[in-house]
Amino acid sequence: MAETSAFREAVGGWANGGPGERARELAGRLGVRTAVLLEGLSDLAAVETLAARQGRDLAAEGVCMVQMAGAMNVGRYALTLGPPGLGLRLTGLCDIRERPFYERGFARAGAPADAVFACSDDLEDELVRALGTARVEELVHAEGDDRAWQTFLRQPAQLGRPRPQQLRRFLGTKKGRKIRYGHLLVEALGPGQVPAPLTDLFASL
């Protein structure tokens, strides 16, 4: 795990203009063959939780999840990790509105765009719809966030909005909350509830 974190850090440094020797060294040592490009830390938390639930050791399979701190960075990461850089197979998960960035980034790197799996809005939207709003509110209550949730609902901007939109917005209102709930929402999924983009991503690995 420590070496995987070191690899991600080295890749980030290389993608942002630093040297690539450390990333190359660690990629070889870890046996990385596939890189999954994710927009941010909440997506990473959700995907790693799902892998654990499915009993998959992605590191042993040569798969590394890499969060890019925003979809706008996908071009640099695709060039770093794909054929022009480390020569890894690329795949990715993104919000539907960010898909054009992924497609252009993958094309520049010579990677197939059909390896990109897009959520209907974003991953939180997929998970909220899969679980249902009542179940998500149960999780909010169980996490001790009920008071913050009720305060949030009284904000003028939230009055009359559909509950799924309110929940998605609430998850992003405090630093670290989306990451925490990325893990919790996936943990709460029952049989047959895994959203299609996640199912398709894992089937491709």
Side-chain angles (χ1 to χ4, degrees), residues 1 5 8 36-58 63-74 91-102 116-205:
M1 186 64 179
S5 297
R8 290 171 179 158
V36 182
L37 300 185
L38 305 170
E39 292 188 47
L41 288 169
S42 61
D43 300 314
L44 180 62
V47 171
E48 289 191 329
T49 300
L50 183 58
R53 285 198 59 183
Q54 293 185 349
R56 294 187 63 172
D57 185 344
L58 295 179
V63 177
C64 186
M65 305 289 176
V66 179
Q67 72 86 18
M68 306 176 295
M72 298 293 286
N73 297 320
V74 67
T91 186
L93 181 74
C94 64
D95 302 349
I96 188 64
R97 64 183 176 276
E98 312 295 1
R99 182 162 195 156
F101 296 113
Y102 270 67
V116 177
F117 302 95
C119 299
S120 60
D121 195 340
D122 56 24
L123 184 53
E124 289 74 28
D125 171 61
E126 294 277 1
L127 293 170
V128 168
R129 284 192 293 108
L131 288 166
T133 57
R135 179 67 179 118
V136 177
E137 288 191 67
E138 287 177 4
L139 293 172
V140 169
H141 178 72
E143 283 297 298
D145 287 331
D146 197 51
R147 182 175 179 180
W149 168 236
Q150 295 303 321
T151 299
F152 172 81
L153 289 176
R154 290 194 292 271
Q155 294 178 1
Q158 301 306 319
L159 298 178
R161 293 186 73 191
R163 190 62 110 216
Q165 292 182 20
Q166 292 173 331
L167 283 164
R168 285 174 49 226
R169 182 70 187 93
F170 174 72
L171 297 182
T173 55
K174 182 180 178 181
K175 185 177 181 181
R177 184 178 283 154
K178 277 182 72 173
I179 300 170
R180 178 160 53 97
Y181 278 91
H183 167 77
L184 291 168
L185 295 177
V186 171
E187 276 286 340
L189 292 171
Q193 287 188 316
V194 178
L198 285 174
T199 298
D200 293 343
L201 172 65
F202 272 74
S204 76
L205 298 176

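Counting heavy atoms from C-beta outward, C119 and D125 have side chains that stay 4.5 Å or more apart. For the pair S204 and F117, the minimum side-chain heavy-atom distance is below 4.5 Å. Looking at L171 and L185, their side chains come closer than 4.5 Å, going by heavy atoms from C-beta outward. Residues E187 and L139 fail the side-chain proximity criterion, which asks for heavy atoms closer than 4.5 Å. M65 is listed as a side-chain neighbour of R8, based on a closest heavy-atom distance under 4.5 Å. Side chains of L189 and L127 form a contact here, defined as non-hydrogen atoms less than 4.5 Å apart.
Put simply, CG on L93 and CD on E39 are 8.0 Å apart, with the number rounded to the nearest 0.5 Å. From T49, atom OG1 reaches atom NE2 of H183 across 5.0 Å, with rounding to the nearest 0.5 Å. If you take CG on D122 and CZ on R97, they are separated by 6.0 Å, rounding to the nearest 0.5 Å. Taken from CG in L167 to CZ in R135, the straight-line distance is 13.0 Å, to the nearest 0.5 Å. Note that the OG1 atom of T91 and the CG atom of L37 stand 8.0 Å from one another [nearest 0.5 Å]. Distance check, rounded to the nearest 0.5 Å: CG of L123 to OG of S42 gives 7.0 Å.
Side-chain N/O atoms of Q165 and R168 include no donor and acceptor closer than 3.5 Å.
Summarising the geometry of L50 relative to V194, their closest heavy-atom pair is CD2-CG1, 4.0 Å, with the distance given to 0.1 Å. Shortest non-hydrogen contact noted between A118 and R99 is CB-NH1, 3.8 Å. When all heavy atoms of L205 and L58 are compared, the pair lying nearest together is CD1-CD2, 4.3 Å. The minimum heavy-atom distance between V116 and C94, with the atom names listed, is CG1-SG, 3.7 Å. A pairwise comparison of heavy atoms in F101 and V74 identifies O-CG1, 3.2 Å as the closest pair. In this structure, Y102 and A71 approach most closely via the heavy-atom pair CE1-CB, 4.0 Å.
With respect to R180 and D145, a salt bridge is recorded, a charged nitrogen being found less than 4.0 Å from a carboxylate O.
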Taking it one step at a time, do V36 and V47 satisfy side chain to side chain contact (heavy atoms under 4.5 Å, CB included)?
CA-CA 10 Å; V36 182; V47 171; 5.6 Å; no

Starting from the C-alpha separation in whole Å, work towards a yes-or-no answer on side chain to side chain contact (heavy atoms under 4.5 Å, CB included) for E143 and L184.
CA-CA 9 Å; E143 283 297 298; L184 291 168; 3.4 Å; yes

Yes or no on side-chain hydrogen bond (donor to acceptor under 3.5 Å, both in side chains) for R163 and Q166, after CA distance, side-chain angles and deciding distance?
CA-CA 5 Å; R163 190 62 110 216; Q166 292 173 331; 2.7 Å; yes

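Under the 3.5 Å distance criterion, the side-chain polar atoms of E126 are matched with a main-chain donor or acceptor of S120.
No more than 12 heavy atoms of other residues, nucleotides or ligands shown are found within 6.0 angstrom of CZ on R169.
The one candidate from L44, D43, L38, N73 that meets the side chain to side chain contact (heavy atoms under 4.5 Å, CB included) condition with M68 is N73.
Relative to the six-membered ring of F170, R177 meets both conditions, a distance below 6.0 Å and an angle of at most 45° to the axis.
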